[in-house]
Colleague: 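For reference, the structure I am asking about is given below.
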Amino acid sequence: MASAAAVFAGKAIATSIITNIVNKAFDYLKDSHKAGGLKSARERLERLLPQIQVVFDAVDTEEIRGQSNALDGWLWQLRDAVEEAEDAVDELEYYRLEEEEVKRQDNNKVRGSVSKYKRKVIQGLNRAFNTGSLERLRNSVTTLDGVAAGVERFLQVLSHLNNDMMKKHKQDVEFRNSRQTSSLSRGPLLGREEERKVIVQWLTKPESGAGDNIAVFSLVGIGGIGKTALAQDVCNARDVKDRFDFVIWVCVSHDFDIQALTRKILEDMTGREAPMVSLNALQKELKERLSSKTFLLVLDDVWNDERYQDWANFLCPLRCGKKGSKILLTTRVQLVADVAARAVQGERTLQVECHSLALSGLEETDLLLLLNRHAFFGVNPDDYRNLQQISKKMVNKLSGSPLAGKVLGGLLNGNKDSSTWNRILDSGVHNAQQGSEGIMTVLRLSYQHLATHLQVCFRYCSLFHKGYEFTKKELVYLWMGSGLIQPLVDDTIQLEDIGMEYLDTLSRKSFFDIKTEPHDSRIIKCCLYDEYYEEKFVMHDLLHELARSVSASECTRVDLNFSGCIPKTVRHICIHMINPTVVEQISHAKRLRTLLMHFEDQHEADQVHMLSEVLGVARSLRVLSIITNSQ
């Protein structure tokens, strides 16, 4: 079985990036004898790019993950070739900028003899280096051409995998169907008393003054945090049911299809299958049924954070409900709540009352009750006092996730052996899997929903330790230095501003929480600026585990808990521990782009040895941060 490395490699590059690098490369080579024989290579690359895109698209859907070791290896070769060409272009770009600076200084009237001599030496050295850089660029283009030619073989591999891909597609459909929800609760809700009180009060409070006839309340949080369970409990509350003529439940998921959603609403209201007619006919029927009626519409698991016009069209018949009608929405993405609120507001001059509530994890006491409810289902918990002590230790590793408690409890229920429970406790409860409903399986849906450039930046954050709090500029500068931020066509927009938008988007999509209280603990420091920013960003523990699981071949964190191997494909490393094994492994990491080192107890000789080993091979290094215990 191939590892998931193919996905990491494919999602870190794109045909647009290759096109940009090739164009820049030939701009440098066109006036040089070094370009000899490369015209055919350029034509071949341009012909192969659409085929490469086909492979990237297949990798992006993850339908071929684990299907081909050869494809896995080829994608990493392609990424290596692209990054080597990118490094060669950057090297020439550096010399070009330095030459421009020398010319600028030459235009200065005041010149000292030492300064002139120094400039002549620099220009002579640059000419020599420039010649070597052009040769490096030529070789990198030749290598890229050779690797790209292998795509034709993998198009055949993809065709042979069609049957497997169809099976995978069927499994995906079955998995998504298994995630369909209803208004019926699976059991009494544990915890969430305050959140429940806030939502019920908002839903049932009497209307007063002017305003629209529909408003929205959004529950926002990561997968498995309990949004659906809370919504189910609220909409089944007696005072809520008595407040509305209709309480309607629709599971939306990824496909925000207006016609399908309207049909689901009608089916929930009438209890029978809606006719397969046009959207116009469906909306007219819904408008008629809602006229002069109050309703609560629960939209569960919503993902549409981009298509504002779809929201506007979807809401049209709902506006015909009686004043006081409400929408309760659950989503993993704050942007969804924002877009829904904006669509509800529409063109109205009066402010529509819309709220959102970010759900945090359950309190440990409530989570322990939930875990034990599932772990000891069907037996008397008092007969297993020893296991109850182990479950108490497990709870503080669940990061407040009700889903983690349910899945882990179900896994433990089938085995009452203390050695098994201790093994699961030591191995990491986030890996608990019960059928197709694993913790990482659910969270990975959020990751897959991200754009490629955001996935790359999210994976990078696995370098930080759990609970690490960083400033906005700190992370953005690291992304910039490592080459993870894609410049826009509009070159007037700075990379820093683009990176800030990346982080804002990931935060609005619930991948980061924002903390405003000051906190001075710091493991990785960025020496590129001295400003103090009170606003800090932190990643939920389970999302940190997700970042680690999807970045295994690309990012490595070496600390006291590290016991694995550093993959040769690694691009970014954070090191907190030095031993001979680590030094040996890192000496083979020739494609490093980020190296963050924190020396605490190591001797200076060990530090120097580690640095010499790394810097001797890591020619592509772009970010180097060294923190010692003397600082």
Side-chain angles (χ1 to χ4, degrees), residues 175-176 178-203 215-237 240 247-256 261 264 296-305 326-341 354-363 366-367 370 398-407 437-449 506-513 539-543 546:
F175 174 66
R176 292 201 177 183
S178 72
R179 292 190 55 75
Q180 289 292 314
T181 61
S182 75
S183 61
L184 300 181
S185 175
R186 297 182 184 180
L189 186 70
L190 289 174
R192 305 291 189 202
E193 289 85 2
E194 289 302 315
E195 294 95 331
R196 185 185 188 279
K197 182 180 179 181
V198 168
I199 300 169
V200 170
Q201 283 183 347
W202 182 82
L203 290 174
V216 62
F217 193 110
S218 300
L219 294 177
V220 184
I222 66 171
I225 206 66
K227 303 180 295 296
T228 298
L230 179 55
Q232 287 170 334
D233 189 76
V234 166
C235 76
N236 281 290
V240 171
V247 176
I248 308 160
W249 184 283
V250 173
C251 182
V252 180
S253 198
H254 291 265
D255 191 12
F256 197 86
L261 292 177
K264 286 181 180 181
L296 167 61
L297 172 62
V298 182
L299 299 175
D300 188 41
D301 194 27
V302 186
W303 290 80
N304 178 22
D305 60 349
K326 304 286 177 66
I327 293 176
L328 179 61
L329 180 151
T330 77
T331 180
R332 304 184 187 193
V333 183
Q334 181 60 46
L335 278 172
V336 170
D338 298 340
V339 172
C354 298
H355 299 277
S356 67
L357 176 64
L359 284 190
S360 55
L362 276 182
E363 296 289 337
D366 295 320
L367 195 55
L370 180 64
L398 296 179
S399 306
S401 169
L403 173 65
K406 292 176 184 177
V407 173
E437 191 79 352
I439 302 162
M440 289 298 110
T441 304
V442 172
L443 290 178
R444 195 169 282 113
L445 290 175
S446 298
Y447 168 76
Q448 292 167 357
H449 197 68
L506 285 168
S507 298
R508 292 195 298 269
K509 289 179 178 290
S510 301
F511 284 87
F512 296 98
D513 294 325
M539 184 181 291
H540 190 279
D541 285 357
L542 287 177
L543 285 171
L546 174 65

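When reading the values below, keep in mind they use all heavy atoms of this one structure, side chains included, and skip hydrogens, waters and symmetry mates. All figures in this text were calculated on a predicted structure; none of them were measured in a lab.
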Colleague: Suppose we screen for side-chain hydrogen bond (donor to acceptor under 3.5 Å, both in side chains). Which residues come up paired with Asn236, at least two apart in sequence or across chains?
Modeller: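 Listed in chain order: nothing, the list is empty.
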Colleague: Residues in ring pair (Phe, Tyr, Trp, His ring centres under 6.0 Å) with Phe512, at least two apart?
Modeller: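 With sequence neighbours excluded, Phe512 shows a ring pair (Phe, Tyr, Trp, His ring centres under 6.0 Å) to Phe470, given in chain and number order.
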Colleague: Return a table of donor-acceptor pairs under 3.5 angstrom between the side chains of residues 220-231 and protein atoms on other chains or two or more places apart.
Modeller:
unit_1: Lys227; atom_1: NZ; unit_2: Gly221; atom_2: O; d: 3.0
unit_1: Lys227; atom_1: NZ; unit_2: Ile222; atom_2: O; d: 3.0
unit_1: Thr228; atom_1: OG1; unit_2: Asp300; atom_2: OD1; d: 2.9
unit_1: Thr228; atom_1: OG1; unit_2: Asp300; atom_2: OD2; d: 3.2

Colleague: Counting only pairs under 3.5 Å, give me each side-chain donor-acceptor contact of residues 195-203, with atom names and distances, residues two or more places apart or in other chains.
Modeller:
unit_1: Glu195; atom_1: OE2; unit_2: Arg192; atom_2: NH1; d: 3.3
unit_1: Arg196; atom_1: NE; unit_2: Asp233; atom_2: OD2; d: 2.4

Colleague: Once you round to the nearest 0.5 Å, how far does OG of Ser356 lie from CZ of Phe217?
Modeller: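 Going from OG on Ser356 over to CZ on Phe217, the span is 7.5 Å.
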Colleague: Nearest 0.5 Å, what's the CG-CD distance between Leu190 and Glu363?
Modeller: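 Going from CG on Leu190 over to CD on Glu363, the span is 12.5 Å.
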Colleague: Can you name the side chain to side chain contact (heavy atoms under 4.5 Å, CB included) partners of Asp305, sequence neighbours left out?
Modeller: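 So Asp305 forms a side chain to side chain contact (heavy atoms under 4.5 Å, CB included) with Val333, Leu335, Val336, Lys509.
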Colleague: Out of curiosity, Leu184 CG to Trp249 CH2, how far, rounded to the nearest 0.5 Å?
Modeller: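 Between Leu184 CG and Trp249 CH2, I get 9.5 Å after rounding to 0.5 Å.
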Colleague: Looking at every heavy atom in both Gly400 and Leu367, which two are closest together, and how far apart are they?
Modeller: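 Gly400 and Leu367 have their closest heavy atoms at CA-CD2, 3.7 Å.
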Colleague: Report the residues that fulfil side chain to side chain contact (heavy atoms under 4.5 Å, CB included) with Val250, sequence neighbours left out, ordered by chain and then residue number.
Modeller: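 Val250 satisfies side chain to side chain contact (heavy atoms under 4.5 Å, CB included) with Ile248, Val252, Leu261, Lys264, Ile265, Leu297, Leu299 once adjacent residues are dropped.
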Colleague: Between the main-chain N or O of Asp301 and the side-chain N or O of Thr330, is there a donor-acceptor pair closer than 3.5 Å?
Modeller: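 Confirmed, Thr330 side chain pairs with Asp301 backbone.
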Colleague: Mark yes or no for whether His540, through its side chain, and Ser399, through its backbone, hold a donor-acceptor pair below 3.5 Å.
Modeller: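 Flag set: sc His540 to bb Ser399 pair under 3.5 Å.
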Colleague: Checking side-chain polar atoms at under 3.5 Å, does Ser510 have a donor or acceptor matched by the opposite partner on Arg332?
Modeller: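 The answer is no; no qualifying pair exists.
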Colleague: Check whether Gln232 reaches the backbone of Ser182 with its side chain - one donor and one acceptor, N or O, closer than 3.5 Å.
Modeller: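 Between the backbone of Ser182 and the side chain of Gln232 there is a qualifying donor-acceptor contact (under 3.5 Å).
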